[in-house]
Amino acid sequence: MTITLGEGNTPLLQAPRLSERLGVELWLKWEGANPTGSFKDRGMSVAVTRAVEGGATTVVCASTGNTAASAAAYAARAGLEAVIVVAAGGTASSKLVQVRAVGGRIVEVDGSFSDAYAHAEELASQNGHVLVNSTNPDRIEGQKTAAFEILEQLGGLPDVLTLPYGGGGNTKAYALGFMEAAGALPRLHPVESAQRATTLASAIRITDPIHRAEVDAALAQSGGSVVTVDDAEIVRAWRALGREEGLFCEPASAAGLAGLERGSAKQGERVVCVITGHGLKDPDAVG
Ligand code: F0G
């Protein structure tokens with residue numbers, strides 16, 4: 001049985017004002033339209049379905065919040081327990097509300113996301129427990145579907161794909177998805193905060209990207225590069241998405257646009273910017 005909440009098939013929206021201002025043909029892949037409000041739902045459907053098939057009782061993850069909300073919801077849907085490990089003080093409160101609302105258990109650890117991840121790995125070594133972080137290949141399989149959708153929605157490859165860079169699982173998934181379906185890659189520009197350890201974009205507050213090597217390999221293959229922006233640029237891009245295009249996302253989700261504002265695409269190029277999560281997840285950021 002497939003564990004689903006109706007994830008995927010998200011809109012690819014034209015961005016006429018930003019396109020004109022930036023001199024590119026810009027499309028926004030609106031992943032905030034997923035059931036729990038982020039792209040994580042794509043991979044969570046596959047990972048939790050497989051966990052059930054394998055006889056699991058409990059799913060475990062470490063998270064900055066969105067994986068948490070997604071894992072807890074899909075676990076509830078499947079009748080499994082969810083144990084969510086977060087770095088104390090590092091998660092937007094609405095995401096913890098999402099976990100509690102569907103009966104997930106939250107464990108706070110002192111330290112960084114890496115500390116939370118180490119603790120989650122330990123918990124997941126117990127019998128009947130499955131780790132549903134992006135190191136679980138089933139998560140990546142599900143996330144690849146976003147690349148398939150973009151190919152269908154555009155009728156081909158974009159020139160450039162830009163998206164936030166936290167742990168790198170999503171960049172890896174897009175690269176695999178485009179290679180599988182099109183046999184080629186758009187130029188990939190994952191965008192990270194210069195303040196990785198403290199960024200106000202809490203979803204990507206990850207010091208050591210666990211998929212760095214795979215991201216670097218995909219970048220080399222695609223001719224792309226990591227773009228590093230500061231938090232003020234992320235906030236400016238986040239505001240522009242709201243005011244110029246009516247799209248309310250969480251701050252981390254605007255990182256791809258912040259990269260474009262830095263000039264990561266050439267004039268006239270067709271660009272897809274992945275907007276990874278909904279603005280209601282981090283209302284405190286609105287100020
Ligand atoms: N955007 C949002 C809204 C996220 O929540 C994340 C990651 C990313 C981008 C970065 O994606 O890690 O695949 O490079 N959130 C994880 C979480 C870490 O726990 O929810 P990535």
Side-chain angles (χ1 to χ4, degrees), residues 10 29-34 36-44 47 59-74 82 84-87 90-92 94-96 98-99 104 106 112-114 116-117 120 131-136 139-140 142-144 146-147 161-177 188-193 196 199-212 214-216 218-219 226-227 234 237-238 241 247-259 273-282 285:
T10 59
K29 183 63 171 163
W30 176 222
E31 291 291 278
N34 277 296
T36 76
S38 86
F39 71 98
K40 305 287 181 176
D41 294 339
R42 296 176 180 275
M44 208 54 76
V59 298
V60 183
C61 68
S63 181
T64 57
N66 282 324
T67 301
S70 187
Y74 284 78
I84 307 299
V85 188
V86 297
T91 310
S94 297
K95 297 173 185 174
L96 298 178
Q98 285 187 284
V99 171
I106 297 165
S112 67
F113 175 81
S114 301
Y117 183 81
L131 189 70
V132 293
N133 277 100
S134 62
T135 43
N136 178 330
R139 281 276 315 280
I140 302 295
Q143 283 178 212
K144 278 174 14 182
L161 183 93
T162 184
L163 75 176
Y165 182 13
N170 210 26
T171 304
K172 171 182 171 176
Y174 273 101
L176 288 170
L188 298 172
H189 286 296
V191 182
E192 65 180 2
S193 169
R196 267 187 174 272
T199 174
L200 72 87
S202 60
I204 53 171
R205 197 177 289 157
I206 293 178
T207 316
D208 299 309
I210 204 156
H211 299 287
R212 191 196 298 269
E214 295 130 299
V215 168
D216 288 347
L219 296 183
V226 175
V227 181
I234 291 178
W238 171 76
L241 278 167
L247 208 63
F248 177 36
C249 64
E250 63 175 295
S253 301
L257 180 63
C273 179
V274 184
I275 313 295
T276 47
H278 202 286
L280 290 173
K281 285 174 162 290
D282 199 356

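What you are looking at is a predicted structure, and each value in this text was computed from that prediction instead of being measured. First listed ligand is number 1; within each ligand, the first listed atom is number 1. The analysis underlying the following values was restricted to heavy atoms, covering all of them including side chains, and did not include hydrogens, waters or symmetry mates.
- Residue-to-ligand polar distances place Gly167 within reach of ligand 1: an N/O pair is separated by less than 3.5 Å.
- Of the polar atoms of Gly166, at least one N or O is found under 3.5 Å from an N or O of ligand 1, judged by distance alone.
- At the shortest separation from atom 13 (O) of ligand 1 among protein heavy atoms lies Asn170 N, 2.8 Å.
- Looking at atom 11 (O) of ligand 1, its nearest protein heavy atom turns out to be Phe39 CZ, 3.6 Å.
- Ligand 1 has a nitrogen or oxygen under 3.5 angstrom from a nitrogen or oxygen of Thr67.
- Contacts between Ser253 and ligand 1, counted as non-hydrogen atom pairs separated by less than 4.0 Å, involve the side chain only.
- Heavy atoms of Ser38 stay at 4.0 angstrom or farther from ligand 1.
- Contact atoms of ligand 1 toward Ala203: 2 (C), 3 (C), 4 (C), 5 (O), 6 (C), 7 (C), 15 (N), 18 (C) (distance under 4.0 Å to a heavy atom of the residue).
- Within ligand 1, the atoms closer than 4.0 Å to a non-hydrogen atom of Ile206 are 18 (C), numbered from 1 in the order shown.
- In summary, the side chains of Lys172 and Gln143 do not present any donor paired with an acceptor at a separation below 3.5 Å, with no hydrogens or angles considered.
- Figure legend: Arg196 and Phe113 shown without cation-pi pairing, the cationic atom not lying both under 6.0 angstrom from the six-membered ring centre and within 45 degrees of its axis.
- A salt bridge links Glu250 with Lys95: the closest approach of a Lys/Arg side-chain nitrogen to an acidic carboxylate oxygen falls below 4.0 angstrom.
- Side-chain atoms of Ser253 do not come within 3.5 Å of backbone N or O of Ile275 as any donor-acceptor pair.
- Counted by atom type alone, Thr171 and His211 present zero donor-acceptor pairs between their side chains at under 3.5 Å.
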- Query: Where do Asn136 and Leu131 land on the side chain to side chain contact (heavy atoms under 4.5 Å, CB included) test, with the steps shown first?
  - Reply: CA-CA 7 Å; Asn136 178 330; Leu131 189 70; 5.7 Å; no
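- Ligand 1 lies less than 4.0 angstrom from a heavy atom belonging to Gly168.
- Taking distance alone, with nitrogen or oxygen atoms compared against 3.5 Å, Lys40 approaches ligand 1 more closely than that limit.
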- Task: Begin with the C-alpha distance, continue with both residues' side-chain angles, and end with the deciding distance and a verdict on side chain to side chain contact (heavy atoms under 4.5 Å, CB included) for Thr64 and Val86.
- Result: CA-CA 6 Å; Thr64 57; Val86 297; over 6 Å; no
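- Distances below 4.0 Å separate heavy atoms of Glu250 from the following atoms of ligand 1: 3 (C).
- Residue, atom and distance of the protein heavy atom nearest to atom 3 (C) of ligand 1 are Asn66 ND2, 3.1 Å.
- The protein non-hydrogen atom at the shortest distance from atom 8 (C) of ligand 1 is Ile204 CG2, 3.7 Å.
- Remark: Glu31 engages Arg42 in a salt bridge, criterion side-chain N to carboxylate O under 4.0 Å.
- On a distance-only criterion, Gly169 and ligand 1 share at least one N/O pair closer than 3.5 Å.
- Side-chain contact, Ser112 with Tyr117: no donor N or O sits under 3.5 Å from an acceptor N or O.
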- side chain to side chain contact (heavy atoms under 4.5 Å, CB included) between Val274 and Tyr174: does it pass, once the steps are laid out? CA-CA 10 Å; Val274 184; Tyr174 273 101; 3.4 Å; yes
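- Considering backbone and side-chain N/O atoms, Thr171 never comes within less than 3.5 Å of an N/O atom of ligand 1.
- Between the side chains of Lys29 and Thr10, a donor-acceptor pair is found at a separation under 3.5 Å.
- For ligand 1, the atoms sitting less than 4.0 Å from at least one non-hydrogen atom of Thr64 are 15 (N), 16 (C), 17 (C), 18 (C), 19 (O), 20 (O), numbered in the order shown with element in parentheses.
- Against a heavy-atom cut-off of under 4.0 Å, Ser63 is close to the following atoms of ligand 1: 17 (C), 19 (O), 20 (O).
- Neither the backbone nor the side chain of Leu163 comes within 4.0 Å of ligand 1, counting heavy atoms alone.
- The nearest protein atom to atom 1 (N) of ligand 1, hydrogens excluded, is given as Thr276 OG1, 2.7 Å; this is a heavy-atom distance.
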